[in-house]
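Data first, discussion second: the structure below is written as structure tokens.
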Amino acid sequence: MTVRDNLAIIRENIEAACQRVGRNPADIRIVAVTKYVSVERAREALEAGITDLGENRDDGLLKKYEALGAEPTWHFIGTLQSRKVKNIIDKVDYIHSLDRMSLAKEIEKRATKRVKCFVQVNVSGEATKHGLAKEEVIPFIQQLQDFSHIEVIGLMTMAPYTDDESILRTCFRQLKLLQENVQALHIPNAPCMELSMGMSNDYVIAIEEGATFIRLGTSLVGKEF
């Protein structure tokens with residue numbers, strides 16, 4: 001199927017999910033995850049009306065950026081090594097994986113403008129997943145108050161890969177609650193209005209539980225390699 005065809009199905013699913021819980025579909029931002037597809041397929045996504053592209057690795061982002069330039073809004077969504085920050089910091093608009101102070105310091109050092117960051121939270125507690133434990137999130141964000149180049153716009157998590165809807169909902173609800181707790185503190189550079197959660201297998205549930213950014217790869221652009 002073409003990206004345009006896939007996008008039409010996804011938009012229908014988004015609209016239905018929003019209708020069920022009284023949300024506005026316009027509040028959901030689709031990030032096309034292009035890690036496993038070619039530059040040509042990523043370009044097809046842009047031509048279909050997608051404006052946001054996400055990459056998991058610095059070399060993948062640089063390759064796509066070289067071909068597509070600054071037309072898309074670029075999201076770095078994978079684990080970011082501090083030493084790789086300098087390679088991508090002037091090209092990305094969003095970083096979805098801020099999870100440690102050493103990374104925050106490197107972003108602060110290298111950035112020339114304010115970078116929109118999501119703090120990554122390991123809600124499920126799985127050893128294979130990156131991110132802060134829930135109880136570490138607020139102290140971490142409070143430590144970032146003097147970082148002029150970092151704006152914590154929200155929280156991000158990856159739910160367990162499971163068909164068990166109750167497990168997924170619990171994960172997403174916990175992140176939503178944590179986001180509201182951060183928001184209530186009114187930290188100047190941490191408005192924390194957004195939730196980056198939901199992928200191809202669980203984005204409908206994520207939307208029902210409050211997601212504002214969803215990260216879609218296989219369901220939107222497919223997988224070429």
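All residue numbers refer to positions in the sequence shown, counting from 1. Keep in mind that this is a model prediction, so the values were computed, not measured.
Here the options are Leu103, Leu80, Val115, the test is side-chain contact (heavy atoms from CB on, under 4.5 Å), and the partner is Leu98; only Leu103 passes. Tested against Leu53, the residues Thr73, Val31, Leu46, Leu61 include a single side-chain contact (heavy atoms from CB on, under 4.5 Å) partner, Leu46.
Ile14 and Phe213 fall into different hydrophobic clusters, where Ile, Leu, Val, Met, Phe, Trp and Tyr are joined by side-chain heavy atoms under 4.5 Å apart, directly or via other members. Neither Met199 nor Ile10 shares a network with the other; the hydrophobic side chains, linked directly or stepwise wherever heavy atoms of I, L, V, M, F, W or Y lie under 4.5 Å apart, form separate groups for each. When hydrophobic clusters are built by joining Ile, Leu, Val, Met, Phe, Trp and Tyr residues whose side-chain heavy atoms come closer than 4.5 Å, directly or via intermediates, Ile50 is not grouped with Ile77. Hydrophobic clustering (ILVMFWY, side-chain heavy atoms < 4.5 Å, transitive): Ile28 and Val221 are in one cluster. Tracing side-chain contacts under 4.5 Å through hydrophobic residues (I, L, V, M, F, W, Y), one never reaches Tyr94 starting from Leu62; they form parts of separate clusters.
Pairs engaging residues 24-33 under the salt bridge (charged side-chain N to carboxylate O under 4.0 Å, His left out) rule: Arg29-Asp52 [sequence neighbours left out].
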Only pairs under 3.5 Å count here: list side-chain donor-acceptor contacts from residues 177-187, not counting sequence neighbours, and write none if there are none.
residue, atom, partner, partner atom, Å
Gln179, OE1, Lys176, NZ, 3.2
Gln179, NE2, Cys192, O, 3.0
Gln179, NE2, Met193, O, 3.2
Asn181, ND2, Leu177, O, 3.4

Donor-acceptor pairs under 3.5 Å, side chain of residues 147-158 to any protein atom, not counting sequence neighbours: which ones?
residue, atom, partner, partner atom, Å
Ser148, OG, Glu108, OE2, 3.1
His149, ND1, Glu108, O, 3.2
Thr157, OG1, Val121, O, 2.6

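The CD atom of Glu40 sits 10.5 Å away from the CD atom of Glu47 when rounded to the nearest 0.5 Å. Ser102 OG to Gln81 CD: the interatomic distance, rounded to the nearest 0.5 Å, is 10.5 Å. For the atom pair OH (Tyr203) and CG (Asn13), the distance works out to 3.5 Å, reported to the nearest 0.5 Å. For the atom pair Ser219 OG and Ile214 CD1, the distance stands at 7.5 Å (nearest 0.5 Å). Atom-to-atom distance recorded for Ile30:CD1 and Leu7:CG is 5.5 Å, nearest 0.5 angstrom. For the atom pair NZ of Lys84 and CZ of Phe76, the computed distance is 8.0 Å after rounding to the nearest 0.5 Å.
If you check the side chains of Arg41 and Thr34, you find no donor sitting under 3.5 Å from an acceptor. In this structure, a donor-acceptor pair under 3.5 Å is present between the side chains of Asp164 and Ser166. Looking only at atom types and distance, the side chain of Tyr161 has no donor-acceptor partner in the side chain of Asp202 under 3.5 Å away. Defined by atom type and a distance below 3.5 Å, a donor-acceptor pair is present between the side-chain atoms of Glu126 and Ser124.
The existence of a salt bridge linking Lys63 and Glu55 is excluded, since no basic side-chain nitrogen approaches an acidic carboxylate oxygen closer than 4.0 Å. In summary, Glu106 and Arg110 engage in a salt bridge, as defined by a charged side-chain N under 4.0 Å from a carboxylate O.
Distance alone, capped at 3.5 Å, places no donor-acceptor pair between the Thr218 side chain and the Lys223 backbone. Judged by distance alone, the side chain of Asn6 and the main-chain N or O of Leu220 form a donor-acceptor pair under 3.5 Å. In this structure a side-chain-to-backbone donor-acceptor pair under 3.5 Å is missing from Asn87 to Asp59. With hydrogens and angles disregarded, a donor-acceptor distance shorter than 3.5 Å links the side chain of Arg23 to the backbone of Ala211. Although no hydrogens or angles enter the test, the distance criterion places no donor-acceptor pair under 3.5 Å between the side chain of Gln143 and the main chain of Phe140. Of the possible donor and acceptor atoms, none in the side chain of Arg169 sits under 3.5 Å from a partner among the backbone N and O of Glu209.
Contact between Asn189 and Leu144 at its shortest, heavy atoms only, is ND2-O, 2.9 Å. Considering all non-hydrogen atoms of both residues, Val37 and Ala42 come closest at CG2-N, 4.4 Å. Residues Ser200 and Leu216 share a closest heavy-atom pair of N-CD2, 3.8 Å. Smallest separation of non-hydrogen atoms from Val3 and Ala48: CG1-CB, 4.1 Å. The two residues Gly198 and Ala206 have their closest heavy-atom pair at CA-CB, 3.5 Å. Closest approach of Ser38 to Phe225, counting heavy atoms only: N-CE2, 3.6 Å.
Partners of Lys35 according to the side-chain hydrogen bond (donor to acceptor under 3.5 Å, both in side chains) rule, which considers only residues two or more places apart in sequence or in another chain, do not exist here. Take Arg11 and apply the side-chain hydrogen bond (donor to acceptor under 3.5 Å, both in side chains) test, not counting sequence neighbours, and it matches no residue. Annotation: side-chain contact (heavy atoms from CB on, under 4.5 Å) contacts of Asp163 (sequence neighbours excluded): none.
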What do the steps show when you test Met1 against Ile9 for side chain to side chain contact (heavy atoms under 4.5 Å, CB included), and what is the final call?
-> CA-CA 11 Å; Met1 291 179 73; Ile9 293 168; 3.5 Å; yes

Please walk me through it: do Val119 and Asp99 pass side chain to side chain contact (heavy atoms under 4.5 Å, CB included)?
-> CA-CA 6 Å; Val119 170; Asp99 64 351; 6.0 Å; no

Hey, mind stepping through Arg57 and Thr79 against side chain to side chain contact (heavy atoms under 4.5 Å, CB included) and telling me if it holds?
-> CA-CA 8 Å; Arg57 295 167 58 93; Thr79 301; over 6 Å; no

Any chance you could lay out the side chain to side chain donor-acceptor pair (under 3.5 Å) test for Gln120 and Ser97, step after step, and finish with the verdict?
-> CA-CA 5 Å; Gln120 183 169 355; Ser97 48; 4.7 Å; no

Evaluate the side chain to side chain contact (heavy atoms under 4.5 Å, CB included) criterion for residues Cys18 and Ile207: first the C-alpha distance (whole Å), next the side-chain angles of each, then the deciding distance (0.1 Å), finally the verdict.
-> CA-CA 7 Å; Cys18 287; Ile207 289 168; 3.9 Å; yes

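Aromatic ring orientation, His96 versus His75: tilted (interplanar angle from 30° to 60°).
Open room surrounds CD on Glu15; 12 or fewer heavy atoms of other groups in view lie less than 6.0 Å from it. The local environment of NZ in Lys129 is crowded, with over 12 non-hydrogen atoms from other residues, nucleotides or ligands closer than 6.0 Å. For Glu224, the CD atom is densely surrounded, since the number of other residues' heavy atoms within 6.0 Å is greater than 12.
Taking 4.5 Å as the limit, some side-chain heavy atom of Leu175 sits within range of a side-chain heavy atom of Leu195. Counting heavy atoms from C-beta outward, Lys64 and Trp74 have side chains that approach closer than 4.5 Å.
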